[in-house]
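Below, all heavy atoms of this structure are taken into account, side chains as well, without hydrogens, waters or symmetry copies. Naming convention: chains lettered A, B, ... in sequence-line order (proteins, then strands); numbering from 1 in each chain.
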Amino acid sequence: MMGGNWERLCGKIGRWLFAARSKVTQTPPSLSRWLKGFCTTQIAKSDVEQRPFSTETSSVGVVLLTRDRCVARIFVLLTLIVVVSPVHAQSVRDTIGVTQPKIVKIFGAGGRTSLAAYGTGFFVSPQGHIATVWSHVLDADVVGVVLADGRRFTAKVLGAEPQLALAVLKLNAADGLEFPFFAVNETPSAGMGTRVLGFSNMFNVAAGDEPVSVIHGVIASRTNLEARRGAFESPYTGPVYVVDAVTNNSGAAGGVLTTRDGRLLGMIGQELRNSKSNTWVNYAIPITELRESIQQIISGKFTAKRDPNEDETASKPRRYKPLDFGFLLVPDVVDRTPAFIDLVQPESPAAKAGLKADDLVLFINDELIQTCRVMQDAVGRLESGDRLRLVVRRGNELVTIEMSVLKKKE
Amino acid sequence: MKLSPLFLESWLIALVAVSVFFSGVLSDKLLAAEPAVREAELKRVEVIERVAPTVVAVFAKGGAGGGSGVLITKDGFALTNFHVVDGLGPFMKCGLNDGVLYDAVLVGLDPTGDVALIKLLGREDFPPATMGDSDKVEIGDWTYVMGNPFLLATDFAPTVTYGIVSGTHRYQPPAGTWLEYTDCIQVDTSINPGNSGGPLFHASGELIGINGRGSFEKRGRVNAGAGYAISINQIKYFLDQLKAGRVVDHATLGATVTTQNDGSVTVNGILETSDVFRRGLRSGDELVSFAGRPIRSVNQFKNILGIYPKDWMLPIVFRHDGERREIHARLRGLHTKSELLPDAKPKKPRPKPKGKDGKPGDKPELPEMPKADPHADAKVVIPERWKDLFVAKAGFANYRFNQLEQERVLASLKSLGDFASATGTWRLNGQSTTGDPFEMTVSAKGIGLEIRDAAFFQQLEDTDGADEPPGTGGFLIGVHHLRLLLSKGPAAFTDSYYFGSEPLDGRGVLVDVLVCSLSAVESRWYFSRSSGVLTGFDTRLHEDAEACVVRFTGLADFAGKRLPQTWMVRSGEKEFATLRVERAEFAAMKKEAGK
């Protein structure tokens with residue numbers, strides 16, 4: 001039995017080797033170029049002269065890191081015979097020149113201790129839709145947006161996905177004005193070792209009529225995010241690019257990570273700490289994770305994702321969320337964030353009942369609401385058929401708002 | 001479909017075999033690398049080897065702290081940060097990558113720009129860096145930072161970091177009242193404590209800036225991806241002043257500006273004693289350009305203004321009642337003289353990590369190393385061998401270097417002939433370019449001028465002088481100063497110093513400037529840097545007065561004594577006359593005394 005297996009195996013190896021050799025001899029240029037392109041971690045020829053590390057060390061590192069991936073790709077090559085050519089000739093200067101006009105600086109709420117009043121965003125449509133992080137900076141009626149060439153606009157929050165810490169703004173610009181933008185549909189391949197550029201308004205250095213700061217680095221890994229913000233776990237736990245450049249700085253969130261030829265890889269996320277080591281994480285959320293929500297918000301068909309962790313908390317039922325009624329609370333940034341209404345979706349039950357942005361919720365069904373979290377819990381406990389009665393403070397007035405709790409569509 | 005373990009195993013072994021087969025081929029290929037990669041690496045190695053010898057490790061007394069620096073001349077002048085040498089005293093120790101520790105002497109200070117000039121001693125063949133043009137630097141350019149971060153290098157071989165330019169023409173507000181970084185270069189190249197004062201090199205090896213600060217915020221004082229370098233072009237403007245041993249000041253307009261809703265920048269306040277006011281700038285006027293660069297915002301204007309020295313003349317274009325005007329105005333100082341005195345030094349200008357303005361500690365900080373305990377050894381230690389290289393004087397970092405520069409500039413006056421004996425009355429006559437004959441009599445008691453049937457007289461006893469002839473700004477007093485300078489030298493004045501260089505009239509080539517004052521009256525003498533010839537002077541009756549401007553062309557020989565031939569005399573926009581000296585007589589003192 002062993003003998004038979006061994007023979008079969010040897011035969012297989014022999015055929016493999018033969019196949020590999022014959023491919024090599026049959027298609028030497030494309031194969032060698034492909035392997036070379038791959039094994040030097042996608043160094044485009046134009047990049048080469050500016051490569052910052054010594055050849056020996058990085059090359060050996062690449063061999064060690066990627067040998068099994070080499071094998072995997074050879075497998076793909078031999079079975080599919082697909083030739084990939086990741087060569088894009090462009091200098092870093094050119095890339096920066098083309099990319100910077102797609103990045104904007106955002107100025108809004110904040111300015112308190114450790115809460116900067118500035119951030120970064122990037123155009124995702126020629127009409128002036130801007131993707132950025134969902135943060136306290138957006139906690140203003142309108143936010144200021146400054147373009148790379150110094151033009152100033154205001155913008156409004158069009159929609160947000162707190163689960164992804166994503167918000168989409170719309171620039172208040174005259175019809176017909178077009179803006180350079182990132183096509184979020186594209187998915188450039190990137191992995192460990194891919195050389196990247198980071199664009200952001202870090203530290204608000206670019207305070208004037210000037211383009212944002214650019215930093216360089218490589219992708220250190222692609223992994224799932226395990227991080228926290230202050231005392232809270234990060235709501236987003238999906239895949240991220242971790243980079244060796246310092247992207248985790250005030251004002252940098254909402255900036256972009258691109259390839260060296262300027263293709264969008266991801267959005268620099270909020271300032272988070274690794275929940276295990278307590279160190280700041282330099283990461284970006286891949287655009288592939290964000291684009292569905294971005295496109296939905298732009299097209300107006302957006303429904304917020306459910307938080308999988310929140311569904312079955314026995315002690316704290318989360319049957320309903322504020323968004324089910326068409327409103328959002330301000331971001332829960334401090335220990336006892338007052339339950340201010342941040343946003344009311346037009347035509348939603350909350351809007352029809354007369355709830356307005358900036359209302360401060362004081363009571364829900366006679367229960368005193370002191371913080372955003374208490375409010376989330378109270379809303380979570382509602383059941384279909386209940387009445388939801390809010391007492392809110394609007395200016396110096398107390399206003400009562402009532403709506404019915406409808407059965408949720410599954 | 002479920003795969004059998006056997007199938008998987010065989011595939012796995014096959015894959016391992018293939019990988020073994022290919023690994024040889026691949027590692028050969030990788031170790032060889034692409035020729036371009038190898039070439040790029042060799043180029044980096046070449047550049048680093050070429051410029052590393054220029055990098056200086058600056059040490060505080062006892063080696064308890066320090067920073068970095070960079071050599072810029074063969075005779076040992078080196079740039080570093082003000083905040084590195086501040087408090088170190090006039091002498092310090094500096095290491096180069098040859099492993100030798102050199103003595104160095106403080107030469108000049110620019111507290112506002114955070115620059116200091118020191119001179120390494122003991123050699124005439126130091127390896128200097130080549131200064132580049134920092135205005136040509138673009139975002140994305142590759143750069144090297146070299147220096148002595150964390151004082152790692154015990155053999156003084158600099159630490160090298162590599163990164164890109166993240167932003168150009170950045171503005172970083174003052175830390176305290178000084179250390180304002182205007183028009184600076186932002187890099188993601190690592191800048192850490194101890195890198196302060198060290199060079200920022202372009203990938204080509206040219207010196208483009210002096211590293212001095214970074215944004216650190218929540219990470220403590222280590223690199224967070226945003227470091228700032230003072231542009232080398234700014235330093236070039238100040239270099240001659242620093243070499244002159246001075247404590248220099250930066251310029252201010254004498255007017256405040258604000259951004260209008262339409263984006264234009266307008267004057268909203270102006271000092272009536274300022275030169276820009278005298279040249280016609282008024283509140284409400286729109287600034288169009290400054291020093292040849294168009295103005296688009298207040299920040300940008302501050303950015304451009306901040307790189308220029310006090311007392312320089314620069315072109316300004318503005319719009320007044322819709323009319324475009326171009327002026328050249330002399331700029332005032334940002335600080336008063338007493339603010340720049342070392343004793344007036346307040347507390348350490350260290351930025352507060354968390355500003356009251358709510359910005360969360362985003363003010364950049366200085367990545368300096370901890371200083372030696374200033375009380376440990378309060379006595380200034382002056383090495384015996386170099387003690388002649390330091391002279392203390394208020395307003396100067398090291399007056400000895402100013403004396404040397406004064407001697408250099410004044411040496412050229414000797415070629416005009418021996419005026420030392422000509423302490424008596426001088427008589428000059430000739431014609432103006434408009435054909436009017438003139439006669440000037442210059443004596444120790446008074447100066448007279450006859451021209452166009454008018455006579456003007458300035459007596460010199462018990463008076464500082466007046467605006468004679470009226471409207472010239474004090475031409476006759478200026479002539480008196482000229483006579484003093486030629487016959488007695490700077491000793492005849494209450495104070496004199498070498499200023500440095502400036503572009504003549506804000507548009508010409510750089511000239512050497514010597515400043516002499518006699519009570520309230522100040523004269524600035526301009527010497528051609530190429531020939532050493534005296535090309536003119538300005539005399540100001542007091543600090544805020546409109547100057548009398550005299551510009552010379554040609555030289556005429558009068559029995560062994562040479563004087564400028566043509567004298568253009570004007571004040572403000574108004575020309576008084578252009579005098580052509582045809583005859584000159586110089587009497588000795590004795591003759592005059594006998595009168």
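Around the CD atom of B:Glu39, the shell of radius 6.0 Å holds no more than 12 heavy atoms that belong to other residues, nucleotides or ligands.
A:His216 has its side chain within reach of B:Asp188: a pair of non-hydrogen atoms, C-beta onward, lies under 4.5 Å apart. Counting heavy atoms from C-beta outward, B:Gln186 and A:Ser213 have side chains that approach closer than 4.5 Å. A 4.5 Å side-chain heavy-atom check between B:Gln172 and A:Val205 finds at least one atom pair inside the cut-off.
Contact of B:Thr189 with chain A is not made at all, since no heavy-atom distance falls under 4.5 Å. Interface residue A:Ile215: backbone and side-chain heavy atoms are both found under 4.5 Å from chain B. Both the backbone and the side chain of B:Glu138 come within contact range of chain A, judged by heavy atoms closer than 4.5 Å. Of the two parts of A:Ala206, the backbone and the side chain both hold a non-hydrogen atom closer than 4.5 Å to a non-hydrogen atom of chain B. Within the 4.5 angstrom heavy-atom criterion, only side-chain atoms of A:Asn282, from C-beta onward, approach chain B.
From B:Arg170, atom CZ reaches atom CZ of A:Phe203 across 12.5 Å, with rounding to the nearest 0.5 Å.
Counting heavy-atom pairs under 4.5 Å between each of B:Ser297, B:Ala224, B:Ala203, B:Gly167 and chain A puts B:Ala224 at the top. In terms of heavy-atom pairs under 4.5 angstrom with chain B, the leader among A:Pro211, A:Ala245, A:Gly208 is A:Pro211. Considering only heavy-atom pairs separated by less than 4.5 Å from chain B, the leading option among A:Val214, A:Asp209, A:Thr247 is A:Val214.
Screening B:Ile139, B:Val165, B:Asp141 for a side chain to side chain contact (heavy atoms under 4.5 Å, CB included) involving A:Ile96 leaves a single residue, B:Ile139.
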